[in-house]
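Encoded as structure tokens, the structure appears first; notes follow it.
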Amino acid sequence: MFFLRRWINKPINNITAAAALVALFSIISRLLGIVRDHILAGQFGAGAELDIYYAAFRVPDFIYNLLVLGALSAGFIPVFSAMIKKAEIVPGEKERLSRLASNVFNALLLLLFLLSILGIIFALPLTRLVAPGFNPDMQARTAELTRIMFLSPLFLGMSGVLGGILQSYKRFFIYSLSPIFYNLGIIFGALWLSERFGLYGLAWGVVLGAALHFAVQLPAVYQLGFSYSFYLNCREQVLRHIAKMMGQLTLSLAVSQINLVAMTALASGLDSGSLAIFNFANNLQSFPLGVFGVSFAVAAFPFLSEHAYHPEELKQRFSSTVRQILFFTIPAAVLLITLRAQIIRVVLGSGDFSWRDTVLTMNTLGFFALSLFAQAVIPLLVRVFYARRDSWTPFYLGLISVAVNIASAFLLRPYFGVAGLALAFSIASIFNFLCLWLWLYFKIGSLDLDKIFISVLKFAGAAIGAGAVVQVLKILIWPFIDMETFIGVFIQLFISASGGILAYAFFCYLFKSTELLTFLAIFKRRFPWRKTKLADQGEARGL
């Protein structure tokens with residue numbers, strides 16, 4: 001119990017330790033997401049009904065991602081973190097923090113309420129814009145589900161403010177727990193509500209998950225000493241500063257969301273089930289992306305904000321975080337490519353999910369995985385710009401990347417179908433990654449590129465070796481199992497993946513990968529019964 005209370009109440013001042021905690025709960029949340037997709041695929045298959053569900057999800061999710069997930073956090077956390085430091089030495093500043101939190105909370109809630117009302121009123125025209133390829137009946141049903149789901153941004157917006165407070169205080173435990181409850185709500189809707197209300201039950205499950213996402217963070221924020229008040233002052237200078245930052249950042253985040261809307265619109269014009277397949281494949285590749293890329297970026301952001309204008313410290317933090325992200329995502333991409341058929345059959349291959357659906361999802365997932373390394377590093381790159389109060393550069397570069405994505409999708413869709421959308425997405429992601437990196441290189445300097453390059457060579461070599469081991473194990477296991485059954489496919493997947501992971505760790509150890517040794521040492525240090533000294537203490541602090 002003492003160890004658990006330590007994780008919950010004590011701030012985490014180490015990026016790798018914070019990222020490990022965020023990643024741990026992200027894994028649990030993503031596993032629940034896999035359970036959710038398994039249920040949806042088994043009950044509905046990749047057909048018109050799930051196309052409607054995912055299309056209805058797009059606009060409310062657009063608003064949440066635009067105003068809450070990134071813009072609020074990126075605008076709120078730097079300001080709030082700076083005020084926390086001031087509150088430690090200035091009497092009365094803690095009360096000002098509570099008042100600011102209430103002001104941001106109320107202002108955002110009012111804004112989201114107005115947007116939700118508009119969304120509910122104009123749901124049908126929005127649906128025609130998002131899914132122009134749907135027939136009128138599908139568009140009408142999509143609009144009805146959209147109206148229900150417009151309740152979720154209200155809860156997620158309130159939750160976003162609470163999450164921003166917890167991140168600013170480096171309390172990552174409860175913040176990391178909230179997505180698990182979000183998925184539990186959706187699973188409840190898929191398992192029980194959908195039996196009685198069909199697709200409408202799925203929509204209400206999303207609303208329930210959003211409410212749980214908010215409720216689980218309330219006690220932790222209250223424990224920090226914050227009390228809510230009906231305070232709303234839109235003229236307050238700090239609120240205006242945050243709003244100004246959010247306004248600029250919203251433009252940058254709008255780029256990626258417009259990208260997803262464009263992909264939804266293009267998929268709606270393909271064969272029935274294409275939108276569901278695109279989302280299934282995207283969710284599967286988002287598993288390592290969320291666990292490693294987003295977790296490290298979220299954990300690193302408060303540290304990057306503190307050292308945004310100290311070049312040497314910023315380079316050290318950035319370099320070590322990039323190397324840890326790539327240490328995990330490069331082998332993850334190899335495993336997704338070599339085991340994509342097995343993964344899809346185990347995760348989605350039940351009920352109404354056919355072999356045709358499997359092949360289409362397999363091809364789509366393979367193209368997504370090609371850019372996993374770029375997608376994983378982009379959140380960190382963007383946060384470096386945000387920490388340095390530059391939101392316009394990611395916006396302009398992202399806008400160009402969206403144009404590349406849409407143009408590529410139009411060119412590739414006739415030849416590859418829905419898989420062509422994933423290939424276009426990967427091309428645009430790599431393009432965006434290169435543009436962001438090069439811009440930072442000219443602004444800040446080398447970003448410790450030599451050390452990153454050497455580490456990436458080790459990761460790549462180890463991942464190639466691991467991929468070869470996976471392929472050999474797949475062939476060796478084949479004669480001894482029945483590949484027509486779930487158990488047979490699962491055994492092949494489990495043994496091959498386990499062998500590949502062990503091989504990757506072995507090759508990294510053989511290549512003397514600093515990231516492997518440092519990660520293991522820091523992981524051991526978190527346990528109270530064991531203390532481990534690192535050979536390079538400076539490197540540990542950088543992580």
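Numbers here simply count residues along the sequence, with the first being 1. The model shown is predicted, which means the values in this text are computed figures rather than measured ones. FYI, side chains are in, hydrogens and waters are out, and symmetry mates aren't considered; it's all heavy atoms of this structure.
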Any side-chain donor near an acceptor of the partner, Thr321 and Arg317, under 3.5 Å: no
Partner set under side chain to side chain contact (heavy atoms under 4.5 Å, CB included) for Ala497, not counting sequence neighbours: Leu339
Proximity of Tyr441 and Trp437 rings by center, below 6.0 Å: no
Atom pair OG1 (Thr393) and CG (Leu436), whose distance is rounded to the nearest 0.5 Å: 9.0 Å
With sequence neighbours excluded, residues passing ring-ring contact (aromatic ring centres under 6.0 Å, His included) with Phe459: Phe327
Heavy-atom closest pair, residues Ala107 and Leu239: CB-CD2, 4.3 Å
Contacts of Phe506 that satisfy side chain to side chain contact (heavy atoms under 4.5 Å, CB included) - sequence neighbours left out: Leu510
Distance-only side-chain donor-acceptor flag, Glu515 / Ser455, under 3.5 Å: yes
Test item: Arg30 side-chain N/O and Ser286 main-chain N/O as donor-acceptor pair under 3.5 Å: yes
For the student: nearest non-hydrogen atoms of Leu260 and Arg58, plus distance: CD1-NH1, 3.9 Å
Qualifying residues under side chain to side chain contact (heavy atoms under 4.5 Å, CB included), relative to Ile427, sequence neighbours excluded: Val404, Ser408, Leu412, Leu423
Set of ring-ring contact (aromatic ring centres under 6.0 Å, His included) partners for Tyr228, sequence neighbours left out: Phe105, Phe230
Which residues share a ring-ring contact (aromatic ring centres under 6.0 Å, His included) with Phe368, sequence neighbours left out: Phe278, Phe425
Exercise: identify the closest heavy-atom pair between Ser513 and Lys458: CA-CD, 4.3 Å
Donor on one side chain, acceptor on other, Ser159 and Gln217, under 3.5 Å: yes
